[in-house]
Amino acid sequence: MLPPSPKKSPQKELGFSHAFLQCADLILPWLTPQELANVSLTCTTLHRAAHSITLYRSLDASRSFENFPIPFHNTVDQYPYAYFFYTPSQIIPSSSSLNRQIWGPSSSQALVLPESGSSDAEMGCALDSMDPLGGSWVSVMDESGCECERCEKVSEDNVIGCPCMELEGEEGMGIRSECGPSCGCRLECGNRLSQRGIQVQLKIVKDVRKGWGLYAAQWIQQGQFICEYSGELLTTKEARRRQQIYDKLASDDHFSSALLVVREHLPSGNACLRINIDATRAGNVARFINHSCDGGNLSTVLVRSSGALLPRLCFFASKDIKEGEELTFSYGEIRVQPKGSKCFCGSFSCLGTLPSEHT
């Protein structure tokens, strides 16, 4: 007969429980929704911890990167939020394989961890990086920039003002020039409209037909900056490879890609700059903006910052937008294909099929 097990003192049980919760607080924010759901089934304590993280994630898609929380609202199904890696700007993917981003109450920054088997150097690089994917921000091409203290198109004495503003495109071209990293002005400069993060309150709402969509959580005035389309900057070869994969997955109603191809026609007229931005795996809230065949209520503008290597695709309100109204824009021309995704924009000019890129 086995001797009775020694009884644990209340102090030891309390200490063990506290240590257990501390470990859970450190580990659970790194888990995917499926992993989190599996862990929640193991015991009551982890169920409560997992529920807390799920609630936290549903309250802010931006992981505190933006000026306001951007919550999810879903009354359609049992999925309270969409899981993706958040980056507030364009990034160049890292050569190392990264597949984790922290998202929970204990995360002050959205960092990533390399897969198991990565070297110590890769681990250190990932933890030190400010980029949510462990890649690198788009770098500055040169040191050109203005030396203005207050940037204006024309100064008070009618002298030509900030040289950065001279680069602005003609009206209607969808091109805007802003001061850049090498300029003497600060972030408060009036010519850095798209560089101060999202300044309007937004929310992400699930629709029974369209899936997730981005909505205004306040009244937005025509001309206001909404957000940048951020994600992974890809080579054309990689973009084509991914698009082939996404086309095959498009038959699944639960999959939606966010690979956007931007073409900028250069002044010579003989060349076109192609920019491939993939927000399918990593991006910001712009990945939830749906298509509208009538052009929607957003205008797309290519913003060039002085000294920056590439322009950024930004969204501005093309008209006054009411609180609770969905934010939409046109994805481009319709490409007829047998397995094209259906369009549910609901506009009077709806063509029935979503535009897709000729990769």
Side-chain angles (χ1 to χ4, degrees), residues 29 32-34 36-37 51-89 101-105 107 110 132-133 194 197-220 224-232 252-260 277-292 296-298 300 313-318 321-331 341 343-346 354:
T32 65
Q34 185 59 56
L36 204 60
H51 177 75
S52 175
I53 291 175
T54 299
L55 178 61
Y56 178 89
R57 291 178 176 181
S58 68
L59 294 177
D60 186 15
S62 76
R63 286 88 157 153
S64 301
F65 269 114
E66 306 297 351
N67 297 298
F68 303 102
I70 304 176
F72 291 94
H73 295 273
N74 184 9
T75 58
V76 174
D77 53 38
Q78 72 274 25
Y79 304 106
Y81 63 92
Y83 186 75
F84 65 104
F85 292 172
Y86 199 92
T87 174
S89 189
Q101 182 183 47
I102 189 170
W103 190 7
S107 58
L133 278 182
S194 68
I198 298 175
Q199 300 289 321
V200 294
Q201 296 187 56
L202 307 170
K203 60 183 178 180
I204 303 165
V205 181
K206 190 73 168 287
D207 179 81
V208 66
R209 294 190 302 173
K210 293 188 289 185
W212 295 107
L214 190 64
Y215 287 71
Q218 65 169 73
W219 182 81
I220 299 174
Q224 265 190 282
F225 170 69
I226 305 299
C227 62
E228 171 185 346
Y229 195 91
S230 64
E232 297 177 89
D252 184 357
D253 293 336
H254 299 290
F255 177 81
S256 178
S257 67
L259 173 57
L260 192 66
I277 310 173
D278 190 4
T280 305
R281 176 172 176 261
N284 65 350
V285 294
R287 70 195 297 277
F288 297 107
I289 302 177
N290 285 318
H291 164 78
S292 181
N297 49 21
L298 300 181
T300 54
L313 181 66
C314 296
F315 295 99
F316 291 80
S318 60
I321 301 173
K322 299 177 182 179
E323 180 179 352
E325 186 177 345
E326 185 179 8
L327 306 180
T328 57
F329 77 107
S330 173
Y331 286 3
S341 300
C343 178
F344 298 106
C345 69
L354 286 175

(request) Quick one: list whatever passes ring-ring contact (aromatic ring centres under 6.0 Å, His included) with Y229, sequence neighbours left out. (result) none
(message) Between N297 (side chain only) and E326 (backbone N and O only), is there a donor and an acceptor less than 3.5 Å apart?
(response) yes
(request) Please name the pair of heavy atoms, one in I289 and one in Y331, separated by the smallest distance, quoted to 0.1 Å. (result) O-OH, 2.7 Å
(request) With side chain to side chain contact (heavy atoms under 4.5 Å, CB included) as the test, would you mind laying out the steps for Y81 and L59 before giving the verdict? (result) CA-CA 9 Å; Y81 63 92; L59 294 177; over 6 Å; no
(request) In sequence, state the C-alpha distance, the side-chain angles, and the governing distance for W103 and F85, and then conclude on side chain to side chain contact (heavy atoms under 4.5 Å, CB included). (result) CA-CA 9 Å; W103 190 7; F85 292 172; over 6 Å; no
(message) To the nearest 0.5 Å, what is the distance between SG on C345 and CG on L354?
(response) 8.0 Å
(message) For a quick test of reading the model, state the closest non-hydrogen atom pair linking P80 to S58 and the distance between them.
(response) O-CB, 3.8 Å
(request) Mind checking side-chain contact (heavy atoms from CB on, under 4.5 Å) for Q224 and listing every partner two or more places apart, or none if nothing turns up? (result) V200, I220, Q221
(request) Measure from the side-chain N and O atoms of R57 to the backbone N and O of F72, and report whether any donor-acceptor pair falls under 3.5 Å. (result) no
(message) Return the CD to OG1 distance between Q101 and T87, rounded to the nearest 0.5 Å.
(response) 8.5 Å
(request) Taking side-chain contact (heavy atoms from CB on, under 4.5 Å) as the test, write out the residues that go with V205, two or more places apart. (result) H73, K203, Y215
(request) May I ask you to decide if T280's main-chain N or O and R287's side chain share a donor-acceptor pair within less than 3.5 Å? (result) yes
(message) Per the salt bridge (Lys or Arg N to Asp or Glu O under 4.0 Å) rule, what does the pair list look like for residues 66-84, sequence neighbours excluded?
(response) D77-K206
(message) Any non-hydrogen side-chain atom of P29 less than 4.5 Å from a side-chain atom of I53?
(response) yes
(message) Holding to ring-ring contact (aromatic ring centres under 6.0 Å, His included), I want the full list of residues that pass it with F68, two or more places apart in sequence or in another chain.
(response) none
(request) Determine yes or no for a side-chain-to-main-chain donor-acceptor pair under 3.5 angstrom, with R63 supplying the side chain and A61 the backbone. (result) yes
(message) Which heavy atom of A279 sits nearest to which heavy atom of S230, and what is that distance?
(response) CB-O, 3.5 Å
(request) Could you check D207 against N290 for side chain to side chain contact (heavy atoms under 4.5 Å, CB included), going step by step and ending with a plain yes or no? (result) CA-CA 11 Å; D207 179 81; N290 285 318; over 6 Å; no
(request) Look at the side chain of Q201 and the backbone N and O of Q218, then say whether any donor-acceptor pair between them is shorter than 3.5 Å. (result) no
(message) With rounding to the nearest 0.5 angstrom, report the CD1 to CZ distance, I226 to F329.
(response) 13.0 Å
(request) Report the relative orientation of the aromatic rings in Y86 and F84; use parallel for angles under 30°, tilted for 30 to 60°, perpendicular for over 60°. (result) tilted
(request) Would you name the heavy atoms of P105 and S52 that are closest together and state the gap between them? (result) CG-OG, 4.4 Å
(message) Which heavy atom of F315 sits nearest to which heavy atom of A286, and what is that distance?
(response) CE1-CB, 4.1 Å
(request) Output the distance between atom CZ (F65) and atom CG (D60), rounded to the nearest 0.5 Å. (result) 11.0 Å
(request) Could you tell me the separation between the CG atom of L298 and the SG atom of C227, rounded to the nearest 0.5 Å? (result) 7.5 Å
(request) Kindly write out the residues that satisfy side chain to side chain donor-acceptor pair (under 3.5 Å) with T328, not counting sequence neighbours, or none if the list is empty. (result) none
(message) With heavy-atom distances below 4.5 Å as the criterion, would you say the side chains of C343 and H291 are in contact?
(response) yes
(message) As an exercise, state the distance from OG of S292 to NZ of K210, rounded to the nearest 0.5 Å.
(response) 7.5 Å
(request) Check the pair W219, I321 against side chain to side chain contact (heavy atoms under 4.5 Å, CB included), reporting the backbone distance first and the verdict last. (result) CA-CA 6 Å; W219 182 81; I321 301 173; over 6 Å; no
